[in-house]
Amino acid sequence: MTSGELIRAARLRAELSQEQLAERLGMPRSSIARWEVDKVEPGLSTLRRVLQACGFDLSLTLIPFARDPERDARVLEAQRRTPQERLRNLLVRIEQE
């Protein structure tokens with residue numbers, strides 16, 4: 001979920017129009033509109049302030065990033081090849097299918 005989707009969901013759940021939310025925040029409605037379509041991405045503190053104006057807050061949790069050693073090895077192998085070698089390998093795999 002993007003920050004824009006999060007803002008829109010919070011605003012709609014709070015039954016607020018973009019104009020009403022903008023009024024609560026003391027900013028132009030166009031700012032809300034740009035955030036909601038992900039034209040502009042607000043900073044974390046701004047995002048929390050917007051969500052709080054809708055009656056919500058943001059909870060963040062650190063979770064371990066799952067590494068895939070096999071995928072990492074394939075990526076490293078591909079990076080060692082020239083673009084021509086990568087293209088040739090791709091064409092061979094396509095022909096085999």
Side-chain angles (χ1 to χ4, degrees):
M1 178 174 260
T2 68
S3 58
E5 292 168 337
L6 198 55
I7 290 170
R8 181 173 168 76
R11 179 179 63 78
L12 293 175
R13 284 180 61 185
E15 298 180 351
L16 295 171
S17 67
Q18 287 182 346
E19 189 65 43
Q20 291 168 320
L21 179 56
E23 231 174 79
R24 285 186 181 192
L25 294 166
M27 58 181 36
R29 185 201 61 78
S30 59
S31 295
I32 308 299
R34 285 194 302 267
W35 290 332
E36 286 189 1
V37 296
D38 292 312
K39 206 171 207 178
V40 175
E41 189 172 324
L44 181 58
S45 60
T46 301
L47 177 60
R48 287 193 67 205
R49 193 168 60 103
V50 172
L51 296 177
Q52 289 169 351
C54 295
F56 299 97
D57 204 348
L58 188 61
S59 172
L60 299 174
T61 305
L62 289 177
I63 57 171
F65 178 72
R67 304 286 317 193
D68 181 348
E70 288 181 23
R71 185 193 63 222
D72 292 346
R74 287 192 309 272
V75 169
L76 283 174
E77 183 183 328
Q79 289 174 336
R80 289 187 188 112
R81 295 187 196 125
T82 66
Q84 293 82 8
E85 290 171 325
R86 284 186 234 156
L87 181 58
R88 193 174 356 183
N89 278 0
L90 177 62
L91 291 173
V92 167
R93 283 195 319 232
I94 290 172
E95 287 175 1
Q96 291 174 350
E97 290 178 0

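None of these values were measured; they are calculated from a predicted model.
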Quiz item: Quick one: side chain to side chain contact (heavy atoms under 4.5 Å, CB included) partners of Q96, sequence neighbours excluded?
Solution: V92
Exercise. Using side chain to side chain contact (heavy atoms under 4.5 Å, CB included) as the criterion, list what pairs up with V40, not counting sequence neighbours.
Key: R34, W35
Quiz item: Can you name the salt bridge (charged side-chain N to carboxylate O under 4.0 Å, His left out) partners of D72, sequence neighbours left out?
Solution: R67
Quiz item: I94: what forms a side chain to side chain contact (heavy atoms under 4.5 Å, CB included) with it, not counting sequence neighbours?
Solution: L90
Quiz item: So if you build clusters from Ile, Leu, Val, Met, Phe, Trp, Tyr with side-chain heavy-atom gaps below 4.5 Å, do V37 and M1 land together?
Solution: no
Quiz item: Got a sec, which pairs hit salt bridge (charged side-chain N to carboxylate O under 4.0 Å, His left out) with one end in residues 78-92, sequence neighbours left out?
Solution: E77-R81
Quiz item: Side-chain heavy atoms under 4.5 angstrom apart, residues restricted to Ile, Leu, Val, Met, Phe, Trp, Tyr: same cluster for M27 and I7?
Solution: yes
Quiz item: Is I63 isolated, or which residues cluster with it under the ILVMFWY side-chain rule of less than 4.5 Å, directly or via members?
Solution: none
Quiz item: Are any non-hydrogen side-chain atoms of L6 and V50 less than 4.5 angstrom apart?
Solution: no
Quiz item: Would L60 end up clustered with F65 when hydrophobic side chains under 4.5 Å apart are linked, directly or stepwise?
Solution: no
Exercise. Kindly state each residue pair satisfying salt bridge (charged side-chain N to carboxylate O under 4.0 Å, His left out) with at least one member in residues 10-30, sequence neighbours excluded.
Key: R11-E36
Self-check item: Pairs involving residues 42-65, ordered by first then second residue, that meet side chain to side chain donor-acceptor pair (under 3.5 Å) (sequence neighbours left out)
Solution: R48-D57, Q52-D57
Quiz item: Who else is in the cluster with L87 when I, L, V, M, F, W and Y are joined by side-chain contacts under 4.5 Å?
Solution: L91
Quiz item: How far apart are the closest heavy atoms of I32 and A22, and which atoms are they?
Solution: CG1-CB, 3.9 Å
Quiz item: How about L62: does its CG atom have over 12 heavy atoms from other parts shown lying under 6.0 Å from it?
Solution: no
Quiz item: Of the non-hydrogen atoms in A10 and C54, which two are nearest, and what is the gap between them?
Solution: O-CB, 3.8 Å
Practice problem: State which residues pass side chain to side chain donor-acceptor pair (under 3.5 Å) with D38; sequence neighbours excluded, sorted by chain then number. | Solution: T2
